[in-house]
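Written out below as structure tokens is the structure these notes cover.
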Amino acid sequence: MNNQLGILALEAKQHPVGKTERRRALSILINSIFCSNKLSRPNMGLPASLHDEIRKEGLQNLSLWLCHNIDKYDNTRGDIMAWVNTLLIKRFYREAARSIMGKKNEISVEPSFWDNLPSHNFDGANYEKDIIEQFQKVRRYIETDPKGILKQSQMKSNPNVTFQKIALKKISGASWKQISEELCVPIPTLSNFYQRRLDKFRDELKSLFV
Amino acid sequence: MNKVNNFHTFTSPISTAAMKLAQKLSQQQLTPEKSQQVYLNSLAVWFVKYYLDCIGVETDIEQSDSMNPAQIMLTDVADLVVKNLGKLECRPVLENAQFMYIPTEAQSERIGYLAVQINALLGKAKILGFLKEVSTDNLPINELQPLENLLEYLDSLELKHINSHKLQEATLPKNTIIKFKKMA
């Protein structure tokens, strides 16, 4: 088994970054590691739920790191799972523990979540801060329709059916089937109308967040 | 070197941070139905993003409707933009589900569909497979293609993108020269 994992690592190393063969080998390698039951489970003396959080965070960061640093794997220096487990215990559990336990009292997602993802320029902390307010703005806008444009947006064949009416049902999580039954309009007609109008209002809705 | 194993699915833990983000987004919704939808969509999208990050496929989560508060509320989308190529729809499915549900709003402008089995209780997920196109709202899970096919498909799309880019570069200077000649 470990030998097979080693072969996969070598296979990945052999192909340049971005090649399908490399992506394929990395996919199977990570999948096999997670399904292997050979990952260390050190006793950190922590409550089970906290331990679980740290473990998941550590494992995900480890797998990302492995995929981007597979060229560092040296098969002459021993078994791949020994290498993986050393990394896990010496580095990724510790980092995850520090990031999770250090921020236990904060509500927001640990910055490490955003930091550890390669090549992104997404401001996670700000996104989270703003999102609650933005959801409220959307909801208020749909409910109050300050410009009257959502009510005016009527279905030609059935003027009783407006964009606003459908939107209010969509924000409540109603399925197309339910909405179709309530408004007595077939799903394709309904969803086509809604989708076209939603595209039209896209910029208007975006302007709520500026 | 011989090819090792077949590659159909991808399983991994869901990060705690992804769980917390999904909870945060879902808590702001008006009904339990909408909360559940937003929660699962968010987990599915971030899980696929994590997988693509692992194998070095660049994504642009910021341009994805699944992160846009208005689109989250007003539609049932779980899209993830793959840089230069287009949107992948990451549909969540629950354990033992026989079908993958694709609402009409997620059936256009997509380069492909992935089914992501979410086990929120155990905190893990599994990408079950992929399809380029769908023509029904409820797709039987057993009609999905192995994930391996996604890699070949992305490769062909990347190649197409590079070629069209090269073509543009190759034609631009020529036009410029012609212009110069005319001017002279």
Side-chain angles (χ1 to χ4, degrees), chain A residues 4 7-8 10-11 14 17-18 20 22-28 30-32 34-35 52-53 55-57 59-60 63-64 67-68 100 109-110 112-113 117-120 122 127-128 131-132 134-136 138-139 142 167 170-174 176 187-188 191-192 194-195 198 205-206 208-209, chain B residues 1-7 9-21 24-25 28-38 49-51 53-62 67-76 103-105 108 123-124 137 147-148 151-152 154-155 158:
Chain A
Q4 240 186 8
I7 292 172
L8 282 164
L10 293 179
E11 163 101 18
Q14 182 179 263
V17 173
T20 299
R22 186 183 176 103
R23 288 173 175 170
R24 182 181 181 279
L26 289 175
S27 303
I28 306 173
I30 298 302
N31 192 54
S32 309
F34 282 131
C35 297
D52 193 49
E53 261 186 55
R55 181 175 168 80
K56 278 174 190 146
E57 204 61 27
L59 286 177
Q60 196 162 84
S63 52
L64 276 167
C67 285
H68 291 268
I100 288 176
V109 168
E110 291 73 27
S112 68
F113 175 53
L117 300 174
S119 68
H120 72 84
F122 181 65
Y127 175 77
E128 292 221 357
I131 191 83
I132 299 176
Q134 291 176 339
F135 277 138
Q136 284 164 353
V138 175
R139 183 183 167 185
I142 300 294
K170 286 294 278 185
I171 64 174
S172 301
W176 281 118
I187 296 178
S191 68
N192 275 337
Y194 183 70
Q195 209 49 46
L198 187 59
L205 289 164
K206 253 191 199 154
L208 295 176
F209 312 135
Chain B
M1 200 173 294
N2 291 327
K3 280 199 171 182
V4 201
N5 303 336
N6 280 322
F7 166 43
T9 60
F10 180 84
T11 308
S12 156
I14 301 171
S15 79
T16 308
M19 287 270 208
K20 284 186 182 166
L21 177 70
K24 194 152 196 173
L25 296 182
Q28 307 303 320
Q29 307 308 318
L30 292 177
T31 62
E33 291 80 12
K34 186 68 189 176
S35 282
Q36 165 93 342
Q37 181 195 98
V38 170
K49 175 172 165 39
Y50 152 71
Y51 169 63
D53 279 343
C54 273
I55 62 167
V57 174
E58 268 192 90
T59 57
D60 191 347
I61 190 89
E62 236 173 318
M67 290 295 277
N68 173 327
Q71 300 295 323
I72 293 174
M73 285 192 102
L74 292 166
T75 62
D76 176 5
T104 48
E105 58 261 50
S108 57
K124 61 178 197 176
D137 294 359
L147 194 49
E148 175 145 18
L151 300 185
E152 279 153 26
L154 287 178
D155 190 49
E158 276 166 0

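Small disclaimer: the values here were computed from a predicted structure and weren't measured. Chain A is the first sequence line, chain B the second, and so forth, proteins listed ahead of strands; every chain is numbered from 1.
The line from CD1 of B/Ile72 to CD1 of A/Ile131 is 5.0 Å long, rounded to the nearest 0.5 Å. Here the CD atom belonging to A/Glu57 is positioned 11.0 Å from the CE atom belonging to B/Met19, to the nearest 0.5 angstrom. Taking CZ from A/Arg24 and CG from B/Asp155, the interatomic distance works out to 13.5 Å, rounded to the nearest 0.5 Å. Of the inter-residue distances, the one linking B/Glu148 atom CD with A/Ile28 atom CD1 reads 6.5 Å to the nearest 0.5 angstrom.
Using a 4.5 Å cut-off between heavy atoms, B/Thr75 contacts chain A through both its backbone and its side chain. Residue contact with chain A, scored on non-hydrogen atoms closer than 4.5 Å, is absent for B/Gln36. Both the backbone and the side chain of B/Val57 have a heavy atom closer than 4.5 Å to some heavy atom of chain A. Interface residue B/Glu105: backbone and side-chain heavy atoms are both found under 4.5 Å from chain A. Only the side chain of A/Ile142 comes within contact range of chain B, with at least one heavy atom under 4.5 Å from a heavy atom of that chain. For B/Ile14, the part sitting under 4.5 Å from any heavy atom of chain A is the backbone (N, CA, C, O) and nothing else.
At distances below 3.5 Å, at least one donor-acceptor pair connects side-chain atoms of A/His68 with backbone N or O atoms of B/Asp53. Using a distance-only test at 3.5 Å, with no hydrogens or angles considered, no donor-acceptor pair links the side chain of B/Glu33 to the main chain of A/Gly173.
Chain A forms the most heavy-atom pairs under 4.5 Å with one residue out of B/Gln29, B/Gln37, B/Lys124, and that residue is B/Gln29. For the set A/Asn192, A/Leu59, A/Val17, A/Leu198, the entry with the most heavy-atom pairs within less than 4.5 Å of chain B is A/Leu198. Per-residue counts of heavy-atom pairs under 4.5 Å with chain A were compared for B/Asp137, B/Leu154, B/Val38, B/Leu151; the largest is that of B/Leu151. Comparing B/Ser35, B/Pro13, B/Pro69 by heavy-atom pairs within less than 4.5 Å of chain A, the highest count is held by B/Pro69. The choice from A/Phe135, A/Phe209, A/Phe34 that makes the most heavy-atom pairs within less than 4.5 Å of chain B is A/Phe135. Per-residue counts of heavy-atom pairs under 4.5 Å with chain B were compared for A/Lys170, A/Arg23, A/Lys56; the largest is that of A/Arg23.
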>> With side-chain contact (heavy atoms from CB on, under 4.5 Å) as the criterion, how do B/Phe7 and A/Asn31 come out once you've worked through the C-alpha distance, each side chain's angles and the decisive distance to 0.1 Å?
In response: CA-CA 9 Å; B/Phe7 166 43; A/Asn31 192 54; 5.7 Å; no
> Is there a side-chain contact (heavy atoms from CB on, under 4.5 Å) between B/Thr104 and A/Tyr194 once you walk through the steps?
Replying inline: CA-CA 10 Å; B/Thr104 48; A/Tyr194 183 70; over 6 Å; no
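Nearest heavy atom pair, residue B/Ser15 against residue A/Gln60, reads CB-OE1, 2.9 Å. Minimum heavy-atom separation, B/Leu74 to A/Ala167: CD2-CB, 3.7 Å. Scanning all heavy atoms of the two residues, the minimum distance from A/Cys67 to B/Cys54 falls at CB-O, 2.9 Å.
With a 4.5 Å cut-off on side-chain heavy atoms, A/Ser172 and B/Lys34 do not count as touching. Counting only heavy atoms from C-beta outward, the side chains of A/Trp176 and B/Asp76 never approach each other to under 4.5 Å. Counting heavy atoms from C-beta outward, B/Asn68 and A/Leu205 have side chains that stay 4.5 Å or more apart. Side-chain contact between A/Ser27 and B/Leu147 is absent, with no heavy atoms from C-beta onward closer than 4.5 Å. Contact annotation: the side chain of B/Lys24 approaches that of A/Ile132 to within less than 4.5 Å [non-hydrogen atoms, C-beta and beyond]. Side-chain atoms of A/Glu53 and B/Lys20, non-hydrogen and from C-beta on, do get closer than 4.5 Å to each other. Contact of the A/Ile30 side chain with the B/Tyr51 side chain is not registered, since no non-hydrogen atoms from C-beta on lie closer than 4.5 Å. Between A/Arg139 and B/Leu30, some side-chain heavy-atom pair lies under the 4.5 Å cut-off.
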